[in-house]
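Step one of this worksheet: look at the structure below.
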Amino acid sequence: MRRALRLARRGWGRTAPNPLVGAVVVRDGQVVAEGWHARFGGPHAEADALAKAGEAARGADVYVTLEPCNHHGKTPPCAQALIAAGVRRVIVAVRDPNPVAQGGIATLRAAGIAVTEGVETAAGAELNAPFLFTHADPTRPFVTLKLALSLDGALAPGDRRQRWLTGQPARRHVHALRAGADAVAVGMGTALADDPALTVRHGRRPRVAPARVVFDAHGRLPRDSTLVRTARETPTWVVGGAIPAEAGGALEAAGVRLLRQDGLAAQLRALREAGVRHLFCEGGAGLAGALLGHGFVDRLIIFQAPVLLGAGALPAFGSVSMGQGAPEHWRVVARREFGDDLMTTYAPVGR
């Protein structure tokens, strides 16, 4: 199952809105085939693995990271493919929450195929956390907040004399993280200070480029900013509740889409209704504080650089109000080093 989970990650950025899925076919204690869902609209992991296994699949065990689908969408149902292949047993990490696709386990059992559930369930659920969230909460996107911090917990020096805290390996990995989201977001302060592009420029390109989102209450995003100048090339949205008509008209004329909503909860709902299932937020302090304070952060990714910024630096969490719903306790999901920088992924306890 751990091998199937690693295979599933090969579809990163290419399968949405479908989940990441991997499959391994084992017969007589030997792996005879492997597969994964490589692209939305392409063969599912089970179909890919079964095609590679051929007759060796008969009487085999199949390890799959998500319950085999039970419906005919862009591809035939995987549950029926497993039955037709004559497999002996299917081992599943996580049940499919999608009401349209679920039911494969019951179908397999009805056909006399043994099914074992709950193998590496936690890892399987983490692999597809945004997908699972989509079917559990229709009111907002799954939110990942990424911050780069100094050793003393600051986002930037007071005079912004240094743009990057982290080294190039960490910054390149952020592009890979962007590729797995539907939209990349920043607050107005970051948009003004950094003039970011918020695109995936390193590593494997996603199947669909993530939209760029700026939380900009008053429509202050400069017309000559990179985001506005490239709005017709990559979807760019400005979200705010008090955007003046003149400023909004100029942004729309440049190809920017406006989402006029008051309040963070309503803004996130509007993004979800616009098709954003996974929102990857990159700060700054104001947006991070609001998201954390309202309990809207589902994964917090901290890149910690071996740098001290000292007095006057911009604190990362100074604007978080713990009384608004911010979870107090977080669990460590993963840690990884990029050169001298340490990336830690956290999740609120209970999520």
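These numbers were taken from a predicted model, which means no experiment stands behind them.
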Checklist entry - Does the side chain of V276 reach to within under 4.5 Å of the side chain of W237, using non-hydrogen atoms? => result yes

Checklist entry - In a check of side-chain hydrogen bond (donor to acceptor under 3.5 Å, both in side chains) between R212 and each of T234, T236, T226, T199, which one passes? => result T236

Checklist entry - So do V64 and V21 actually touch side chain to side chain, heavy atoms under 4.5 Å? => result yes

Item to check | R331 side chain reached by Y346 side chain, heavy atoms, under 4.5 Å | outcome: no

Item to check | Considering all heavy atoms, the nearest A4-Y63 contact | outcome: CB-O, 4.1 Å

Checklist entry - Is W330 reachable from F296 through a run of hydrophobic residues whose side-chain heavy atoms are each under 4.5 Å from the next? => result yes

Item to check | Verdict with supporting geometry, K52 and E34, salt bridge (charged side-chain N to carboxylate O under 4.0 Å, His left out) | outcome: CA-CA 7 Å; K52 294 172 181 174; E34 299 177 336; over 6 Å; no

Item to check | Within-4.5 Å side-chain heavy-atom neighbours: T144 and L279 | outcome: no

Checklist entry - How about R2: does its CZ atom have over 12 heavy atoms from other parts shown lying under 6.0 Å from it? => result no

Item to check | D216/V239 under side-chain contact (heavy atoms from CB on, under 4.5 Å): CA gap, chis, key distance, verdict | outcome: CA-CA 6 Å; D216 176 12; V239 183; over 6 Å; no

Next on the checklist: Donor-acceptor pair, distance only, cut-off 3.5 Å: does the side chain of S150 make one with the backbone of A154?
Outcome noted: yes

Item to check | Donor-acceptor under 3.5 Å (K146 side chain, C281 main chain) | outcome: no

Next on the checklist: What verdict does the side-chain hydrogen bond (donor to acceptor under 3.5 Å, both in side chains) test give for H37 and N18, after you've listed the backbone C-alpha separation in whole Å, the side-chain angles of each residue and the deciding distance to 0.1 Å?
Outcome noted: CA-CA 9 Å; H37 186 31; N18 287 351; 3.2 Å; yes

Using residues 96-104 as the side-chain source, report each donor-acceptor pair under 3.5 Å to any protein atom, sequence neighbours left out, with the distance given to one decimal.
unit_1 : atom_1 : unit_2 : atom_2 : d
D96    : OD1    : N98    : N      : 2.8
N98    : OD1    : V100   : N      : 3.0
Q102   : NE2    : D96    : O      : 2.9

Checklist outcome for this item: Heavy-atom closest pair (P141 atom, H278 atom, distance to 0.1 Å) is CB-N, 4.3 Å

Checklist entry - How close do L264 and H294 get, heavy atom to heavy atom, and via which atoms? => result CD2-ND1, 4.1 Å

Checklist entry - Where do D195 and S225 land on the side-chain hydrogen bond (donor to acceptor under 3.5 Å, both in side chains) test, with the steps shown first? => result CA-CA 6 Å; D195 188 27; S225 65; 4.7 Å; no

Item to check | A33 to A49 - nearest heavy-atom pair and separation | outcome: CB-O, 3.4 Å

Checklist entry - Taking the side chain from T65 and the backbone from G22, do they hold a donor-acceptor pair closer than 3.5 Å? => result yes

Item to check | Single-linkage hydrophobic cluster L165~L342, side-chain heavy atoms < 4.5 angstrom | outcome: no

Next on the checklist: Quick check on the hydrophobic clustering: are V332 and I302 connected, directly or via other members, by side-chain heavy-atom contacts under 4.5 Å?
Outcome noted: yes

Next on the checklist: Once side-chain hydrogen bond (donor to acceptor under 3.5 Å, both in side chains) is applied, do any residues pair with T121, and if so which ones, sequence neighbours excluded?
Outcome noted: none

Item to check | Intermediate values then yes/no, side-chain contact (heavy atoms from CB on, under 4.5 Å), R3 and L7 | outcome: CA-CA 6 Å; R3 174 60 180 167; L7 291 168; 3.6 Å; yes

Next on the checklist: Are L145 and R299 packed together at the side-chain level, in the sense that at least one heavy-atom pair is separated by less than 4.5 angstrom?
Outcome noted: no

Item to check | Beyond-backbone contact of F317 with L149, side-chain heavy atoms, under 4.5 angstrom | outcome: yes

Item to check | Nearest heavy atoms of L20 and W12, plus distance in Å | outcome: CD2-N, 3.5 Å

Checklist entry - Among the clusters formed by ILVMFWY side chains lying less than 4.5 Å apart, do V115 and L50 turn up in the same one? => result yes

Next on the checklist: Please check if the number of heavy atoms outside D152 that lie under 6.0 Å from its CG is greater than 12.
Outcome noted: yes

Checklist entry - Are any of the side-chain heavy atoms of D341 and P306 separated by less than 4.5 Å? => result yes

Next on the checklist: Donor-acceptor pair, distance only, cut-off 3.5 Å: does the side chain of R204 make one with the backbone of R10?
Outcome noted: yes

Checklist entry - Under the 3.5 angstrom rule, does the side chain of R272 hit a backbone N or O of T134 as a donor-acceptor pair? => result yes

Checklist entry - Under the side-chain hydrogen bond (donor to acceptor under 3.5 Å, both in side chains) test, which residues partner D298, sequence neighbours left out? => result R140, R351

Checklist entry - Can you list the steps and then say if L66 with V92 is a side-chain contact (heavy atoms from CB on, under 4.5 Å)? => result CA-CA 6 Å; L66 190 74; V92 176; 6.0 Å; no

Next on the checklist: Strictly distance-based, threshold 3.5 Å: is any side-chain N or O of N128 a donor or acceptor partner for the main-chain N or O of F131?
Outcome noted: no

Item to check | Evaluation steps, side-chain contact (heavy atoms from CB on, under 4.5 Å), between L309 and L151 | outcome: CA-CA 8 Å; L309 295 182; L151 288 176; over 6 Å; no

Checklist outcome for this item: Students should find that the hydrophobic cluster of I243, defined by side-chain heavy atoms under 4.5 Å apart, otherwise consists of V174, L177, V184, V186, M188, L192, L198, V214, L221, L227, V228, V238, L251, V256, L258, F280, I301, F303, F338, M343

Checklist entry - Do side-chain atoms of Q267 reach the backbone of Q261 as a donor and acceptor pair under 3.5 angstrom? => result yes

Checklist entry - Got a sec, which residues hit salt bridge (charged side-chain N to carboxylate O under 4.0 Å, His left out) with R89, two or more places apart in sequence or on another chain? => result D61

Checklist outcome for this item: Heavy atoms of P327 and G295 approach each other most closely as CD-CA, 4.0 Å

Next on the checklist: With heavy-atom distances below 4.5 Å as the criterion, would you say the side chains of V200 and P210 are in contact?
Outcome noted: yes

Next on the checklist: R95: which residues meet the side-chain hydrogen bond (donor to acceptor under 3.5 Å, both in side chains) condition with it, sequence neighbours left out?
Outcome noted: E117

